[in-house]
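Residue numbers begin at 1 in each chain, while the letters A, B, ... track the order of the sequences.
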Protein chains: 2
Amino acid sequence: MRSQSYKLKDTEAEYTKLPVVLTVAGSDSSGGAGIEADLKTFSAFGVYGMTCITALTAQNTTGVKTFDRTSQKLVSEILKADIDDMFGYEGAPLKVIKTGMLTREAIEELANLNLELKMIVDPVMISTSGSELLGIEGVKLCMDKLVERAYLLTPNFLEAKTLYKIKVEGGGGGGGGGEEEEEEEEEGEVHVANSDEFKKFVLKLQKLLGCKNLLVKGGHIPFEDEEDNAKGKKVVDILYESEEDVLTTFESRYIESENTHGTGCTLASAIAANVAKDKSLVESVAIAIDYVHRGMRNMSKLGFGNGPLNHTVHPKSNIDDVVKTSEGVEMVHFHNGYTVFDYLKSHPNVKDNWQRYVQHPFVKAVAQKELAFDKFFHYLKQDYHYLIIYAQMHGLLASKATTYQQAHAQATIIGEIVTEIEKHKEKLKAYNVDYDIDEVKPGQACVKYCKYLLNMGQKEDFLGIKIALAPCLHGYAEAGAYGQALRRENPRDSKHSHVFQNWLNDYTSDWYLNSDKEGKAQLDELTAGGISKERMESLVKIFNDVVLLEINFWDEVLQV
Amino acid sequence: MRSQSYKLKDTEAEYTKLPVVLTVAGSDSSGGAGIEADLKTFSAFGVYGMTCITALTAQNTTGVKTFDRTSQKLVSEILKADIDDMFGYEGAPLKVIKTGMLTREAIEELANLNLELKMIVDPVMISTSGSELLGIEGVKLCMDKLVERAYLLTPNFLEAKTLYKIKVEGGGGGGGGGEEEEEEEEEGEVHVANSDEFKKFVLKLQKLLGCKNLLVKGGHIPFEDEEDNAKGKKVVDILYESEEDVLTTFESRYIESENTHGTGCTLASAIAANVAKDKSLVESVAIAIDYVHRGMRNMSKLGFGNGPLNHTVHPKSNIDDVVKTSEGVEMVHFHNGYTVFDYLKSHPNVKDNWQRYVQHPFVKAVAQKELAFDKFFHYLKQDYHYLIIYAQMHGLLASKATTYQQAHAQATIIGEIVTEIEKHKEKLKAYNVDYDIDEVKPGQACVKYCKYLLNMGQKEDFLGIKIALAPCLHGYAEAGAYGQALRRENPRDSKHSHVFQNWLNDYTSDWYLNSDKEGKAQLDELTAGGISKERMESLVKIFNDVVLLEINFWDEVLQV
């Protein structure tokens, strides 16, 4: 017998908080739809998924073979177990319920809940399994019990027609919609031949249903694309937010694909995941559509029927990444010397923090030469570690650059950071530091800051990462200037005066001010066309997070 | 009413092939264990999951409240639907079945299957739900019907003790194991106080059970760490592969954590996912242990009881990334001028491809000045696009560098690539190329190659990415030399002689040969300690894949 052994690396504790979504739907054994699709989608978006399975289906890509309903008693106990543990207390993580294929039993139980949760209702009725399970009476029950209290309803066009018909006729009609398209016009009949008619229909339907927000998906009725006929048909999905009275159209290329199994479930659960992450509904829908499209196109066909999509594609994290052009969207513009950086640092959420940062007691202590040298030494060690991550982040930027000139610019910055690191090392050598700085472990504040940056590096696009790096680059220039001003007011000296002075001089030097200017110019270039209000909010959040991390970094130095 | 519209970006088709795993287990409504944990794990590893749900539980982190078994008829129909669609034909994707909490009904149906699939059996019996569901008679049924034909059995120590007891006593004993630890010694009683006793126990148990491979998890019996006492206890997991007669020990730090709900399910499904991805069993186990550990430590507590782990942590993709030290492992070493690059290009799987690449008809045509200029022009345009990705990849390397000097070296290479790009542009300008090269779309071979690199960039570590970039850097040096030699043998001229000669000169210039040498030196440094045989195989695959992509790149040029 041969023996071998591996010692595994230790892992560090991080305590990531995941938002939680509960899906109430059927199980699709083939894994492409139902709670299986929901869980895969939640995972893709970094959301924790719980389940309440309303029915088990024996199913594959060619169809549903058979199914068993879950008893009302078990549905009730499952909902109770899930909700008792995750909802209803301070800091409880469950934020959103997403429903898919429902049974009467599940509808009754959901209606009894009456919780302050956002409920996203995907009224599954067209799929073979759905119509068998629920039938038209079930759909009516769902409308009576759930639709009005839903945060969002997400029918496809065929389902929307059925809902409309039921409301207008006050009943009747089949469970499906596909077979009815050819029928004679009559009361409750819907004809939609273009985007404008579609918009009108969505508005009418929302009024009839009384749901807060309504998204009607147009995948079943692609329109000709007048502007760009060569590219084929376009799909229009329409969202109406009744409280804000805003109608948003999402237009995308029609995809000819066999990978359509579970696209509806996946779209609704992708929206639910993003809503749970506190994204706006508009942004959530845009990101969800993009995720479904990429999942469909990024998959080799599985199975003999309509194959599933690829839930493992990496989703985009913000609306700007998925949008080609937008019209009528509120934008933030920067001009006449009012830059995106000015916007960020003077934003109401950021302003005070920015002042606390660039006029931090650490800077004051340096300027007044009152800082204990061991604290400054501690700071230099922390900063040394930080700069290595800061260099890595610019490598990441180079890898996300869309032109080689942009990549080159980031590579050049890495060179400059290396100069800064070498300067730090020289400073320490001059003080006969007798141990190797590479061996020193970074403190909590530094680790937290670095992890935040690395996380942004994974999630964000080029602009997002640039914004995350901006407080450091530009804040140090302001802090340096603040320190020099204090120094001029009150020129004192102490034992280590020159090292403190040296530090202030570095960050007010032409070399540094040039980098500062260059960095701002890059931000201006990236935002020259303006930024949607939606996206700007998330950028403000990143900027503010990092300002707080900078404050924390210097706080820790003073507390050593 | 305000109206706004978004046009979404188009997405490109990619046709990713996902391996498929079927999990046969219970549903845990709280989402931390059962098929929910399995699906989350499969997604994390990029594997497509199917399900056969054996029972529905109403469960949360404080325990199982109630459950319903799935009828044998439905289990049978589900397995049939799943397998009919995904197994048993040429290229069928279903490769692995993973079982968790089983019922008698499910065991009977699984035993009837008798398929050529790898079955990974996690003998769940200790959890509250498991013992109720299966009982000791059920465990015996599982042993009789499934264990011998299992590819891998993954009991924890308590489960292993129960299995042992049943085999030795030929019956008796309770369903659980936890309560028995205090009992008097008797036949079938197991006492394991250290690694050596644990190893002996695992070997004995495998012989009794007759399963092909056995992994016994030691999380319930952490040992004192003699070598490194300050760091706390260590956990030992032991794998015995009977056919190879190899015993592998995985030693890791014991984690004090409340996030233990579903760790067993998750480990087994992480192993299943990696086996489905054709990883070796040893590598699969190491990666799975690391994934579970990081999931446990990377989670804020959820719920009131034993919380779930974070399934959304990014798993590592190879054994070297998760291992600190190894002993008795077969290594590949490079010395006496025999470099890792020599190993790669002369590997039996690579050798012929490497020759086809560096002596490609494209190079011959360039050297003989027989290449049509428009083909060469097409090549330059393709190469221009490729170089931009090549620069981005070095940005990614900089972002993964462990020292700032290493990051700086990658940044410097970006500078050199930019020089190369500018040279290409100059070459084209000299020919009065009248359209902007930035507007030209890359061809299929180029796109395929670039996507492969970007994918490796996401999945691989520093060394893996370096290996993916090696065929280009070093192959061009060899191709250049080959071209020059041909040229000397047969010096012909044609209309565009000097542009061809120029190209050959570039890749045989001191400038290029220096980069070539520098790149090989970096590879040698990265592999100075040797590489495990296991890891080397995956590096060979990457290297060979890229060599084929290089051949394809030039093939396409000649076919234009």
(request) Mind ranking Lys199(B), Glu327(B), Glu330(B) by heavy-atom pairs under 4.5 Å with chain A and telling me who comes out on top? (result) Glu327(B)
(request) Please determine, among Ile414(B), Leu18(B), Leu39(B), the option with the most heavy-atom pairs under 4.5 Å with chain A. (result) Leu18(B)
Tell me, for [X] versus chain B, whether the close heavy atoms (under 4.5 Å) come from the side chain, the backbone, both or neither.
X	answer
Val282(A)	side chain
Phe42(A)	neither
Met86(A)	side chain
Ile53(A)	both
Thr312(A)	side chain
Ser27(A)	side chain
Leu22(A)	neither
Leu203(A)	side chain

Just by modelled atom types, is the [Y] backbone N or O under 3.5 Å from a matching donor or acceptor in the [X] side chain?
X	Y	value
Gln392(A)	Ala401(B)	yes
Lys7(A)	Ser326(B)	no
Arg2(A)	Val246(B)	no
Asp85(A)	Thr61(B)	yes
Ser29(A)	Ile78(B)	no

Under a 4.5 Å heavy-atom cut-off, does chain A meet the side chain of [X], its backbone, both or neither?
X	value
Asp320(B)	backbone
Ile319(B)	side chain
Val313(B)	neither
Leu302(B)	both
Phe45(B)	neither
Glu244(B)	neither

Any heavy-atom pair between the side chains of [Y] and [X] that's under 4.5 Å?
X	Y	result
Tyr384(A)	Tyr404(B)	yes
Asn298(A)	Tyr15(B)	no
Ser71(B)	Asp68(A)	yes
Ile35(B)	Ile35(A)	yes
Val329(B)	Tyr6(A)	yes

Work out which heavy atom in [X] is nearest to a heavy atom in [Y]; give both atom names and the distance.
X	Y	answer
Ser43(A)	Ser43(B)	CB-CB, 4.3 Å
Thr11(B)	Arg297(A)	O-NH1, 2.6 Å
Ala398(A)	Gly395(B)	CB-CA, 3.9 Å

(request) Please lay out, stage by stage, how Thr248(B) and Gln4(A) fare under the test side chain to side chain donor-acceptor pair (under 3.5 Å). (result) CA-CA 5 Å; Thr248(B) 308; Gln4(A) 57 183 8; 3.0 Å; yes
(message) Would Lys40(B) and Tyr48(A) count as a cation-pi pair here, with the cationic atom under 6.0 angstrom from the ring centre and within 45° of the axis?
(response) yes
(request) Would you please name every residue forming a side-chain contact (heavy atoms from CB on, under 4.5 Å) with Ser257(B), sequence neighbours left out? (result) Ile255(B), Asn259(B), Met296(B)
(message) Less than 4.0 angstrom from a charged side-chain N to a carboxylate O is my criterion; do Asp321(A) and Lys9(B) meet it?
(response) no
(request) Taking only Lys NZ, Arg NE, NH1 and NH2, and the carboxylate oxygens of Asp or Glu, determine whether Asp10(B) and Lys324(A) approach each other closer than 4.0 Å. (result) yes
(request) Begin with the C-alpha distance, continue with both residues' side-chain angles, and end with the deciding distance and a verdict on side chain to side chain donor-acceptor pair (under 3.5 Å) for Thr51(A) and Glu36(B). (result) CA-CA 8 Å; Thr51(A) 60; Glu36(B) 283 80 358; 2.7 Å; yes
Show me the side-chain donor-acceptor pairs of residues 234-241 of chain B shorter than 3.5 Å, one per line, residues at least two apart or across chains.
residue, atom, partner, partner atom, Å
Asp237(B), OD1, Gly218(B), N, 2.9
Tyr240(B), OH, Asp245(B), OD1, 2.5

(request) Determine whether more than 12 heavy atoms belonging to other residues, nucleotides or ligands lie under 6.0 Å from atom NZ of Lys80(B). (result) no
(message) Could you go through Met299(B) and Thr16(A), starting from their C-alpha distance and side-chain angles, then the distance that decides it, and tell me whether this counts as side-chain contact (heavy atoms from CB on, under 4.5 Å)?
(response) CA-CA 5 Å; Met299(B) 186 72 165; Thr16(A) 304; 5.7 Å; no
